[in-house]
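Written below as structure tokens is the structure these notes are about.
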Amino acid sequence: MAKEVSNREENYSLWYNNLVTKADLAENSAVRGCMVIKPYGYAIWEKMQADLDRRFKETGHVNAYFPLFIPKSFMSKEAEHVEGFAKECAVVTHHRLMANPDGPGVVVDPDARLEEELIIRPTSETIIWNTYRDWIKSYRDLPILCNQWANVVRWEMRTRLFLRTAEFLWQEGHTAHAIREEAIEETHKIVEVYAAFAREVMAIPVLVGKKTESERFAGAVDTLCIEAMMQDGKALQAGTSHFLGQNFAKAFDVKFATKEGGLEYVWATSWGVSTRLMGALVMAHGDNHGLVLPPKLAPIQVVMIPIYKGEEELAKVSERMHYLKKELETQGVTVKVDDRDNLRSGFKFAEWELKGVPVRIAIGPRDMEQGTAEIARRDTLEKTTCPQSEIAHLIPNLLTNIQQNIYQKALSFRENNTHTINTYQEFKERIEEGGFFLCHWDGTPQTEEKIKNETKATIRLIPFDPNPVAGPCMVTGAPSPQRVIFARAY
């Protein structure tokens, strides 16, 4: 029997958890709240990494690596930053174990207590800015445009594979600038890089904007973000870019000599996306049959499955498939011939459907006689028959079409579930339906908190609107310069 995925419409959370595990993306580990990313899931993450890494380098960034451990004293140097992360920090207090003198096993050696406790990084601003102090002396040393691919630990109490785990993988960029405007420009440049990646590669339409003061990154002057809508109508923050001002430069005394001979604090940014993107990919496109992978992220873009009776037929069909495989690979298409002889073709169909492979090609004895093949699309589940001689020409175009169709489907879903609301009563009634809500807000944290407490909805972003339209706040009636996006979120 092929693996089954639960019904998305009946229980979205159960559907998601089942899909992540049954499609071999990840599983829970022996450590509470931590996950094992399985080879198939990691192959998708590697494709995300490669594309993003290329984009970063094209904009002048270089990769580096900074320590996993942060001295506890560093975390207390930027007050807002430490307050934002204090409850999630894992702390190392000792550096050695010893045999248990009272029985089997091991215990912490009481004589091996660290002189200064170490924080396992929840994010790296503090350790990086302590390092930048040694790197930066003059305006000639700026800008510094560093990125690192790393893991971080945030001790979450309620976890879910990819979406919220105690340890996760990510990239974090940390840049230093001589000029305030240059740092702000960097912040905007990176959020647009993230938006382009989400749209072009993940086939997820995202909105771009800025966070409210209460929602911004701890220690930031401004936070920009991209927000995506999942198929249950909830929002998912898919990437953030922060203008840090001079906060961390002042906390770690990072100054530079200006052209004019003065001494000024450095301007900073930081930005990141994580393996949470894997969760977004599942929730934005998956269906009750399994994953639906955009071709640009699919580890296997085409799977070929032979239909046969007996070893002789299998050998003939497999030989033909391997020939077609080589033709497609010369055009950059990744292909797998599934000629396992211990599984029925129906099982294979369901397995690769579950794993979201964009295109399936089936060839049997009759196809061999007629020179044809059955082509099945994962995004629409449509099947067509085409000449084998046209496969090498057809498939690359089909993959492009599938990529575009997946994006368009997600865009249409978001548009159909985005609503303009003018009254708080209507908002409270309709928020239960899910979706994005364009509403006027008076700009006060008190009103923002009231809405959050009463509806569990938050301001996901303040859109970059070139032509904002003012109006009355839906709660207080006070003036509002433009509409903002409210939603319930992951």
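Source: prediction; values computed, not measured.
- Using a distance-only test at 3.5 Å, with no hydrogens or angles considered, no donor-acceptor pair links the side chain of Q301 to the main chain of L399.
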**OP:** Would you please test H419 and L438 for side-chain contact (heavy atoms from CB on, under 4.5 Å) and show each step?
**Re:** CA-CA 6 Å; H419 315 288; L438 281 159; over 6 Å; no
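- At a threshold of 4.0 Å, the pair E200-R55 counts as salt-bridged, since one of the basic side-chain nitrogens sits closer than that to a carboxylate oxygen.
- At a threshold of 4.5 Å between non-hydrogen side-chain atoms, the residues K336 and V302 do not count as touching.
- Proximity of a side-chain donor or acceptor of E186 to a complementary backbone N or O of A176 within less than 3.5 Å is not detected.
- For E264 (side chain) and A178 (main-chain N/O), no donor-acceptor pair under 3.5 Å exists by modelled atom type.
- In summary, of the residues considered (F436, W441, F486), a ring pair (Phe, Tyr, Trp, His ring centres under 6.0 Å) with F427 occurs for F486 alone.
- Between the Y132 side chain and the H174 main chain, a donor and an acceptor come within less than 3.5 Å of each other.
- Side-chain atoms of M202 and L297, non-hydrogen and from C-beta on, do get closer than 4.5 Å to each other.
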Original post:
H61 and W271: ring-ring contact (aromatic ring centres under 6.0 Å, His included), yes or no, with the steps?
Top reply: CA-CA 12 Å; H61 299 84; W271 29 273; 5.0 Å; yes
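- Residues R164 and R276 are in side-chain contact: their nearest non-hydrogen atoms beyond the backbone lie under 4.5 Å apart.
- Although no hydrogens or angles enter the test, the distance criterion places a donor-acceptor pair under 3.5 Å between the side chain of N416 and the main chain of S412.
- Every residue two or more places apart in sequence or in another chain was checked for a ring-ring contact (aromatic ring centres under 6.0 Å, His included) with F413, and none qualifies.
- A salt bridge links E27 with K38; the closest basic N to acidic carboxylate O contact falls under 4.0 Å.
- Looking at N401, its side chain never comes within 3.5 Å of a backbone N or O of N397 through a donor-acceptor pair.
- Looking at K234 and E227, no side-chain N of the basic residue comes within less than 4.0 Å of a carboxylate O on the acidic one, giving no salt bridge.
- A heavy-atom distance below 4.5 Å is found between the side chains of F168 and R154.
- Among E213, Q237, H242, the single residue meeting the side-chain hydrogen bond (donor to acceptor under 3.5 Å, both in side chains) criterion with T223 is H242.
- Looking at D51 and K47, no side-chain N of the basic residue comes within less than 4.0 Å of a carboxylate O on the acidic one, giving no salt bridge.
- At distances below 3.5 Å, at least one donor-acceptor pair connects side-chain atoms of Y194 with backbone N or O atoms of G272.
- Under the ring-ring contact (aromatic ring centres under 6.0 Å, His included) criterion, F74 pairs with F252, not counting sequence neighbours.
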Original post:
Given W170 and E172, is the side-chain contact (heavy atoms from CB on, under 4.5 Å) satisfied, shown in steps?
Top reply: CA-CA 7 Å; W170 76 348; E172 50 178 325; 3.3 Å; yes
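- Taking a cutoff of 4.0 Å between a charged side-chain nitrogen and a carboxylate oxygen, K325 and E329 qualify as a salt bridge.
- Cation-pi geometry between K355 and Y40 is satisfied (NZ or CZ under 6.0 Å from the ring centre, within 45° of the ring normal).
- Side chain of H289 to backbone of E353: no donor-acceptor contact under 3.5 angstrom is found.
- A salt bridge between D287 and R378 is present, with a side-chain N of the basic residue lying under 4.0 Å from a carboxylate O of the acidic one.
- Side chains of P358 and P295 form a contact here, defined as non-hydrogen atoms less than 4.5 Å apart.
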